[in-house]
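In this text, all values refer to a predicted model and were calculated from it rather than measured experimentally.
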Amino acid sequence: ASTSGSDIVFTDSDGGTKLAHEIESYDAVNGTLIAWVKVPILSTSIDHTIYIYYGNSTANLPSQQNAIAVWDSNYVGVWHLGSNGSLSLNDSTSHGLSGSIVGTVTTTTGPLGDTGAYFAGSAHNSIEVPYNAAMNTTYWTASSWIKFSSLSGPIFIDGEDQNGNYRRYMFGMNAGDQRFFIDLWNSAGSRMGSFETTGTYMSGISTNTWYYETGTWDGTTASIYINGVLVTSTSFSGAALYSGAAPVRLGNEGSAAANSSEAEARVSGIARSADWITTEYLNQSAPGSYVTLGAQQVSGTAGATTNWY
């Protein structure tokens with residue numbers, strides 16, 4: 001591939017239908033690539049072939065990426081948080097909800113061999129994404145990779161301002177009993193309630209280990225998943241989530257010292273299914289469970305090629 005990766009193209013099984021992709025990181029020297037590709041189908045029983053094309057030597061090729069098309073319209077924001085050793089505050093979705101650093105946020109090695117964000121142990125160290133109407137959703141899913149330097153009660157994804165004046169949701173760890181929790185506020189600004197995982201499960205959580213945390217609410221039930229597995233759920237009925245001017249904040253709630261790292265933070269305006277959540281986790285933690293790489297082929301042998309460039 002070219003030094004910029006601009007010649008990289010993914011196609012469907014016919015070898016010609018171009019698939020939307022986003023390059024998160026690319027190292028031409030070592031030949032490593034982290035890319036997100038929107039495939040047309042993913043079956044539990046039938047294999048589906050896609051192709052990656054590269055090696056076009058034409059100078060000054062435009063990038064073939066279409067990052068916005070990778071993420072479906074239900075995503076509010078997708079923040080990878082790092083690329084090629086540097087922090088990234090950009091949102092990959094069509095909303096373009098980029099964040100800014102509050103306090104001190106540094107880089108760390110992420111769970112996928114990429115780059116993550118480290119929030120040191122003092123209050124207000126966070127990444128804040130300013131309020132946007134796209135954040136006003138009826139239902140909700142939030143997910144992120146989290147690594148704890150100490151079990152001190154960080155908030156992973158927080159839908160409120162620093163002063164707690166506007167609140168939509170909170171998803172994090174309770175510093176007192178070291179349990180994961182979800183808090184939700186309804187459209188009237190009233191707290192619908194809070195619930196936690198059990199202490200029995202939390203006894204298995206360790207420092208300096210990456211965990212994939214997901215919280216959902218479908219209008220009647222709130223659920224918490226850890227590493228793609230449902231660990232607890234409870235009845236949580238209410239109207240749509242609060243629609244006031246509450247930003248999205250990653251890494252820290254105002255009164256808590258985070259001491260944690262975070263990567264691949266995502267918020268959706270729907271409750272993702274259990275199968276979706278499990279697939280997200282396995283696709284990131286063990287991509288070999290989904291992808292088998294075939295032998296490299298010479299140009300033209302994969303199928304009817306198209307001049308994509």
Novice: Taking atom CD1 of Ile8 and atom OH of Tyr53, what is their separation to the nearest 0.5 Å?
Specialist: 14.5 Å
Novice: Is the closest side-chain heavy-atom distance between Pro247 and Val129 below 4.5 Å?
Specialist: no
Novice: Answer yes or no: is there a side-chain heavy-atom contact under 4.5 Å between Pro111 and Lys147?
Specialist: no
Novice: Any donor-acceptor pair under 3.5 Å linking the side-chain atoms of Tyr118 with those of Asn125?
Specialist: no
Novice: Rounded to the nearest 0.5 Å, how far does CG of Leu230 lie from OG1 of Thr214?
Specialist: 10.5 Å
Novice: Going by heavy atoms in the side chains, are Thr11 and Val9 under 4.5 Å from each other?
Specialist: yes
Novice: Drop me the distance from Ile50's CD1 to His21's NE2, to the nearest 0.5 angstrom.
Specialist: 11.0 Å
Novice: Honestly, is Arg266 close enough over Phe171, meaning NZ or CZ under 6.0 Å from the six-membered ring centre and within 45° of the axis?
Specialist: no
Novice: Donor-acceptor pair, distance only, cut-off 3.5 Å: does the side chain of Ser83 make one with the backbone of Glu24?
Specialist: yes
Novice: Looking at Thr216 and Ala271, what are the two nearest heavy atoms and their distance?
Specialist: CB-CB, 4.3 Å
Novice: If you take all heavy atoms of Ala20 and Asn66, which pair is closest and at what distance?
Specialist: CB-O, 3.8 Å
Novice: Mind checking whether Ile226 and Glu213 have side chains closer than 4.5 Å, heavy atoms only?
Specialist: yes
Novice: Other residues, nucleotides and ligands only: do more than 12 of their heavy atoms fall within 6.0 Å of CG on Asp47?
Specialist: no
Novice: Would a single hydrophobic cluster contain both Leu282 and Leu293, if residues Ile, Leu, Val, Met, Phe, Trp and Tyr are joined by side-chain heavy-atom contacts under 4.5 Å?
Specialist: yes
Novice: Closest approach of Gly251 and Ser260, non-hydrogen atoms and distance?
Specialist: O-OG, 4.2 Å
Novice: When rounded to the nearest 0.5 angstrom, what is the spacing between OG in Ser94 and CG in Asp72?
Specialist: 10.0 Å
Novice: Please answer: with hydrophobic residues joined when any side-chain heavy atoms are less than 4.5 Å apart, are Tyr212 and Tyr225 in the same cluster?
Specialist: no
Novice: Please check if any side-chain donor atom of Asn208 sits under 3.5 Å from a side-chain acceptor atom of Ser206, or the reverse.
Specialist: no
Novice: Answer with yes or no whether the hydrophobic clustering places Ile277 together with Trp79; edges join I, L, V, M, F, W, Y residues whose side-chain heavy atoms lie under 4.5 Å apart.
Specialist: no
Novice: Using a 4.5 Å cut-off on heavy atoms from C-beta on, say whether the side chain of Trp276 contacts that of Thr141.
Specialist: no
Novice: Evaluate the criterion side chain to side chain contact (heavy atoms under 4.5 Å, CB included) for residue pair Trp210 and Ser261; output intermediate values, then yes/no.
Specialist: CA-CA 9 Å; Trp210 285 101; Ser261 301; 3.6 Å; yes
Novice: Could you tell me whether a side-chain N or O of Asp7 sits under 3.5 Å from a main-chain N or O of Ser2, the two making a donor and an acceptor?
Specialist: yes
Novice: Can you name the residues that form a ring-ring contact (aromatic ring centres under 6.0 Å, His included) with Tyr26, not counting sequence neighbours?
Specialist: none
Novice: Assess the residue pair Ile34 and His80 against the criterion (side chain to side chain contact (heavy atoms under 4.5 Å, CB included)); give the C-alpha distance rounded to whole Å, side-chain angles, the decisive distance to 0.1 Å, and a yes or no.
Specialist: CA-CA 11 Å; Ile34 296 177; His80 301 302; over 6 Å; no
Novice: I'd like to check Arg249 versus Val102 (side-chain heavy atoms, cut-off strictly below 4.5 Å). Are they in contact?
Specialist: no
Novice: Just by modelled atom types, is the Ile23 backbone N or O under 3.5 Å from a matching donor or acceptor in the Gln65 side chain?
Specialist: yes
Novice: Give, for atom CZ of Arg272 and atom CH2 of Trp140, the distance between the pair rounded to the nearest 0.5 Å.
Specialist: 13.5 Å
Novice: Going by heavy atoms in the side chains, are Lys38 and Leu19 under 4.5 Å from each other?
Specialist: no
Novice: According to side-chain hydrogen bond (donor to acceptor under 3.5 Å, both in side chains), does anything in residues 106-115 pair up with another residue at least two apart or in another chain? List the pairs.
Specialist: none
Novice: List the atom of Gln64, the atom of Ser6, and the distance in Å for their closest heavy-atom pair.
Specialist: CG-O, 3.1 Å
Novice: With no hydrogens and no angle check, is any side-chain donor or acceptor of Asp12 less than 3.5 Å from a backbone partner on Asp14?
Specialist: no
Novice: Among the clusters formed by ILVMFWY side chains lying less than 4.5 Å apart, do Tyr281 and Val291 turn up in the same one?
Specialist: yes
Novice: If you take all heavy atoms of His48 and Ser13, which pair is closest and at what distance?
Specialist: CE1-OG, 4.2 Å
Novice: Let me confirm one number: the CD-OG1 distance from Gln284 to Thr279, rounded to the nearest 0.5 Å.
Specialist: 11.0 Å
Novice: The test is side chain to side chain contact (heavy atoms under 4.5 Å, CB included); show your working for Asn283 and Leu42 and say whether it passes.
Specialist: CA-CA 11 Å; Asn283 181 49; Leu42 186 62; over 6 Å; no
Novice: Can you label the angle between the Trp71 ring and the Tyr75 ring as parallel, tilted or perpendicular, going by 30° and 60°?
Specialist: perpendicular
Novice: Which atoms form the tightest heavy-atom contact between Asp91 and Val76, and what is the distance?
Specialist: OD2-O, 3.9 Å
Novice: Do Val78 and Trp36 belong to the same hydrophobic cluster, where Ile, Leu, Val, Met, Phe, Trp and Tyr are linked whenever their side-chain heavy atoms lie under 4.5 Å apart, directly or via other members?
Specialist: yes
Novice: Quick one: does Ser88's side chain have a donor or acceptor within less than 3.5 Å of a partner on Leu81's backbone?
Specialist: no
Novice: Could you tell me whether a side-chain N or O of Ser126 sits under 3.5 Å from a main-chain N or O of Glu128, the two making a donor and an acceptor?
Specialist: no
